[in-house]
Every structure is written in C-alpha cells, then in structure tokens.
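Have a look at the structure below, then the notes.
All ligand and atom numbering here is 1-based and tracks the order in the structure.
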Amino acid sequence: MAASGLAPPLLLALVLFCVLPTRSSSQAAPFKCSSTATCTALVDYISPNRTTLAHIQTLFTVRSFRSLLGANNLPPSTSPNTTVEAQRPTKVPFPCVCRNGTGVSNGKPLYKVVKDDGLYHIAVEVFSGLVTYQQIAAANNITNVNLILVGQELWIPLPCSCDDVDGAKVVHYGHVVQSGGTLEAIAQDYGTTVPALTRLNNGVNDSSLLAGQVLDVPVKANNSFLVLAACNSSVRSDSQDYPLLVANNTYIFTAMGCVKCKCDPSNNWTLQCEPSGAKPTNWSTCPAMQYCQGADGSLLSLGNTTATSCGAATCAYAGFNRNQTIFTTLATPTCPANTPGN
Ligand SMILES: *[C@@H]1O[C@H](CO)[C@@H](O)[C@H](O)[C@H]1NC(C)=O
Ligand SMILES: *[C@@H]1O[C@H](CO)[C@@H](O)[C@H](O)[C@H]1NC(C)=O
Ligand SMILES: *[C@@H]1O[C@H](CO)[C@@H](O)[C@H](O)[C@H]1NC(C)=O
Ligand SMILES: *[C@@H]1O[C@H](CO)[C@@H](O)[C@H](O)[C@H]1NC(C)=O
Ligand SMILES: *[C@@H]1O[C@H](CO)[C@@H](O)[C@H](O)[C@H]1NC(C)=O
Ligand SMILES: *[C@@H]1O[C@H](CO)[C@@H](O)[C@H](O)[C@H]1NC(C)=O
Ligand SMILES: *[C@@H]1O[C@H](CO)[C@@H](O)[C@H](O)[C@H]1NC(C)=O
Ligand SMILES: *[C@@H]1O[C@H](CO)[C@@H](O)[C@H](O)[C@H]1NC(C)=O
Ligand SMILES: *[C@@H]1O[C@H](CO)[C@@H](O)[C@H](O)[C@H]1NC(C)=O
Ligand SMILES: *[C@@H]1O[C@H](CO)[C@@H](O)[C@H](O)[C@H]1NC(C)=O
Ligand SMILES: *[C@@H]1O[C@H](CO)[C@@H](O)[C@H](O)[C@H]1NC(C)=O
Ligand SMILES: *[C@@H]1O[C@H](CO)[C@@H](O)[C@H](O)[C@H]1NC(C)=O
C-alpha cells in the first residue's frame, strides 16, 4: 500500500545532512488506532510562510476544495486564492486508516520532491512538523534517508485515528499546541476531558506539553462547548463514508461529491443532506439515488421532508456504495410518548 515504488525520470540525487531533530520526534508521535473502519480526520497545518488555500489544498492533496472550506467553516464562494497568513492554523481534512496500532493518512498526501529538498526539510518545514523525517522514510521504504530524488513522490503519513473514545464516535483532530496552551484549556475548547487527552496522548501532562506538539483531540458528536462539535448521521456502517461525521457549522461533500451534508446545531445536531447539484462533479457520473417512502406512500427525494403527526420527517442520507447507489432513509422525529390526540 505504501506509495511510490518507481519514480519518474530522476534528475538529480540529493544529499541531506541530518539535523538534530530531538524535539520533533516527540512532537509527531503517532496516534493510537485499532479500528477496522476508515474515517475522516483533521489536522492543523501551520504554514511557516504566508500562503493560499489553493496551495494548502495542493500540498495535502485534498481532493475537494469544498471539504477544505467546510472544515474551516468558510463559505462555498471562498476563492482558492484566499491568503492564509503565516502561523495561522488551517484545518485540513484527510482520510485516515489504522495500520499496526497507529493511524496514518490513507495514501495521502503525496509530495513530489523538488530540487534541494531533503527529508528533514520536507517533514519539519514543508509539513510543519506534522510528521518526522523518519516516519516519511519508513512509510516510503527509504533505507538511505540522505538520498531522495527529484520527482520522487513521497507519501506523507499524517497522524490520525478512527477509534471510538469512551464508547462515542468522534472526529480525531490533530491539534497543534500553541505556546501557552494547557490541557485544561484544550479540553474545554474542544469538549473533551484532560484524562481523555492524557490517555490518548501517551500520558501527556502540562509540564511535558510542547508548543508545536500534535495532540490527538477527540471531538464528540454532541458537545455544546466546542467549535468542532459534529452532527449525528444515519449513515449505515457498510457505507464507504461511515462514520460520516460533520463538524458544527460546517458542510462536506460525500458520495463522490454528489451529496452535500451540513451540520447545523440548531437542527438538533442532525445532519442535513441534499443532492449537491451539478456543480461539484459531473452529475451524470453520480450514483443512482434511492427515494424514501413517506407514511402516505409518497416518494421523497434526498433532503425532502414530509409532515407526520409529530413533526416533519426527512429523507436522510444513509451512505453510498461502489455499486453506484446512494442510500436514503426516512428519519422520523421521536414522538412524545402520549401525543395529544383527538
Ligand atoms: C487567482 O489568482 C490568479 C493570479 O494571481 C488569477 O489569474 C486567477 O484568476 C485567480 N483565481 C481566482 C479564482 O480568483
Ligand atoms: C508493528 O508495530 C510493532 C511494535 O509497535 C513493530 O515491532 C513492528 O515492526 C510493526 N510492524 C510493521 C509491519 O510495521
Ligand atoms: C518560507 O519562505 C522562506 C524564505 O522565502 C523559504 O526559504 C522557505 O522554503 C519557505 N518555506 C516553505 C515551507 O515554503
Ligand atoms: C523495501 O526496499 C527493499 C530494498 O530496496 C526491498 O527489498 C523491499 O522489498 C521493499 N519493501 C517494500 C514493502 O516495498
Ligand atoms: C509529566 O510527564 C513527564 C514526561 O512523561 C514526566 O517526567 C513528569 O514527571 C510528569 N509530570 C507530572 C506532574 O506528572
Ligand atoms: C448532549 O449531551 C448532553 C450531556 O452531555 C445532554 O444533556 C444533551 O441532551 C445531549 N444533546 C443531544 C441532542 O443529544
Ligand atoms: C459552533 O461553531 C461556532 C463557530 O463556527 C461556534 O461559535 C459555536 O459556539 C459552536 N456551537 C456549539 C454549540 O458548539
Ligand atoms: C446518533 O445516531 C445513532 C444511530 O442513529 C443513535 O443510536 C444515537 O443515539 C444518536 N446520538 C445522538 C447524540 O443523537
Ligand atoms: C431532539 O432530539 C431529542 C433526542 O433525540 C428529541 O427528544 C427531541 O424531541 C428533538 N427535538 C426536536 C426539536 O426535534
Ligand atoms: C459529463 O460526463 C458525460 C459522460 O461521461 C460526458 O458526456 C459529458 O461531456 C460530461 N460533461 C462535462 C461537463 O464534463
Ligand atoms: C425536494 O427537494 C428538492 C431539492 O433537493 C426540491 O427542488 C424539490 O422541490 C423538493 N420536492 C418536494 C416535493 O418538496
Ligand atoms: C451490484 O448491482 C448489481 C446489479 O445492479 C447486482 O447484481 C449486484 O448484486 C450488486 N452488488 C452488490 C455488492 O450489491
């Protein structure tokens, strides 16, 4: 599965002089991950230089620009040319998979070596310390870390996890600790607890916490304090995007870009999905979409609602498969035990 065996025409052999990475190895400790499912995770990218959203999308091989916007709660009209100031964190969504007890980005991002690159520079500067050069070397089966080749494609194994935490589905967010950050403040900001942070991060404590360290922060589906609270969805466990978790006030595109889902806390933390329309993809390549059947036998398409005796039922997104089907399910509101009848 590791990326890049054969590189395209290799122009120049490069020599890297290894520089003393004493701190970076602890900063980029891998996250524990034993789930068999794949998932979407987030990581902070802190560019050392002023950059653009388009550059971040390219650097991280983010397939959909819209998912980058969604993760950062930016409106769909945002231009890829939008400037991102140096040192300002941008949340990058990426696919995660568990391998041998730790989580890594699933085959992405792919970085193409340019002239004068070295593994240490790529790890610590280009990817701002989210990985170590040793991790890049291991992921790419590079035996001589002093030798990488111009044009060679490197898989950058970002830290992540797909594990449930305390029995709850969560989004694992690789939070880069800012100077002055404390576990208590981080736990509070993202709606988790200090013991959970300690447990997920090899016993980290405030005195061992370093600025720049990447912390595994589990963001729960239902937490009223956090910016990153995620909505619950009806996606079935055999769907390719299960567990589909969409953060508070964000939206994502799924089902090959054919479905747009948003998480609006004011809608009882329930994910709202609708056909994305023709724009994001070539609509003719979208999988066939199931209809929902209302109580009165009427057919509803994804996102449509129908009245029931105790509120509106919605034709909700339930996942998709490679066999070209987008599944739906009728999500009915929970009726109070005794409806005031007649
Ligand atoms: C982005 O900037 C380039 C030049 O800097 C310009 O040609 C292009 O039209 C811009 N794209 C958008 C979407 O604004
Ligand atoms: C799996 O992890 C163990 C210890 O963490 C290590 O010894 C082993 O080499 C790893 N296996 C692979 C295939 O990476
Ligand atoms: C940031 O800018 C400096 C100076 O222009 C340059 O040397 C360095 O490679 C840049 N870093 C990245 C990650 O682009
Ligand atoms: C790693 O590289 C070595 C030597 O180049 C090779 O023998 C081995 O098969 C490679 N392993 C993988 C998993 O590609
Ligand atoms: C914090 O963690 C470090 C490193 O694991 C350890 O040496 C230190 O004793 C811990 N401090 C406290 C107060 O637990
Ligand atoms: C969210 O969790 C809190 C307690 O943690 C609970 O009181 C509240 O009802 C939950 N909200 C939803 C929509 O499940
Ligand atoms: C949802 O996110 C917004 C920022 O987009 C934040 O201001 C708000 O407090 C969050 N709400 C909840 C309930 O988490
Ligand atoms: C989320 O959905 C699952 C399955 O539909 C349900 O069991 C669970 O109670 C829901 N959680 C919340 C917080 O609504
Ligand atoms: C929100 O969800 C809770 C638990 O699922 C339910 O009891 C409540 O009626 C819902 N509220 C609305 C306005 O749908
Ligand atoms: C969409 O796909 C169809 C069939 O593959 C093709 O005929 C059509 O030209 C495509 N349209 C666009 C705008 O790419
Ligand atoms: C169903 O939803 C679509 C948008 O997804 C809307 O255009 C259409 O009018 C709705 N149909 C009904 C019957 O509400
Ligand atoms: C895929 O669809 C075909 C026909 O459309 C069906 O025969 C087949 O069983 C389906 N496969 C799966 C795995 O659902």
Under-4.0 Å protein heavy-atom contact, [atom]:
atom                    : result
atom 2 (O) of ligand 5  : yes
atom 14 (O) of ligand 5 : yes
atom 5 (O) of ligand 5  : no

- Item | Ion pair R199/D166, N-O distance below 4.0 Å |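 Looking at D166 together with R199, the answer is yes, because their closest N to O distance falls below 4.0 Å.
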- Does a donor on one side chain and an acceptor on the other come within less than 3.5 Å for S47 and N49?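 There is no such pair (donor and acceptor under 3.5 Å, judged by atom type) between the side chains of S47 and N49.
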- Minimum side-chain heavy-atom gap T193-E184 below 4.5 Å: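 SC-SC contact between T193 and E184 ruled out.
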- Query: Does F94 reach the side chain of T40, with side-chain heavy atoms less than 4.5 Å apart?
  - Reply: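 Not in contact.
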- How far is atom 11 (N) of ligand 5 from its nearest protein heavy atom, and which residue and atom is that?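 Checking every protein heavy atom, the shortest distance to atom 11 (N) of ligand 5 gives N205 ND2, 2.9 Å.
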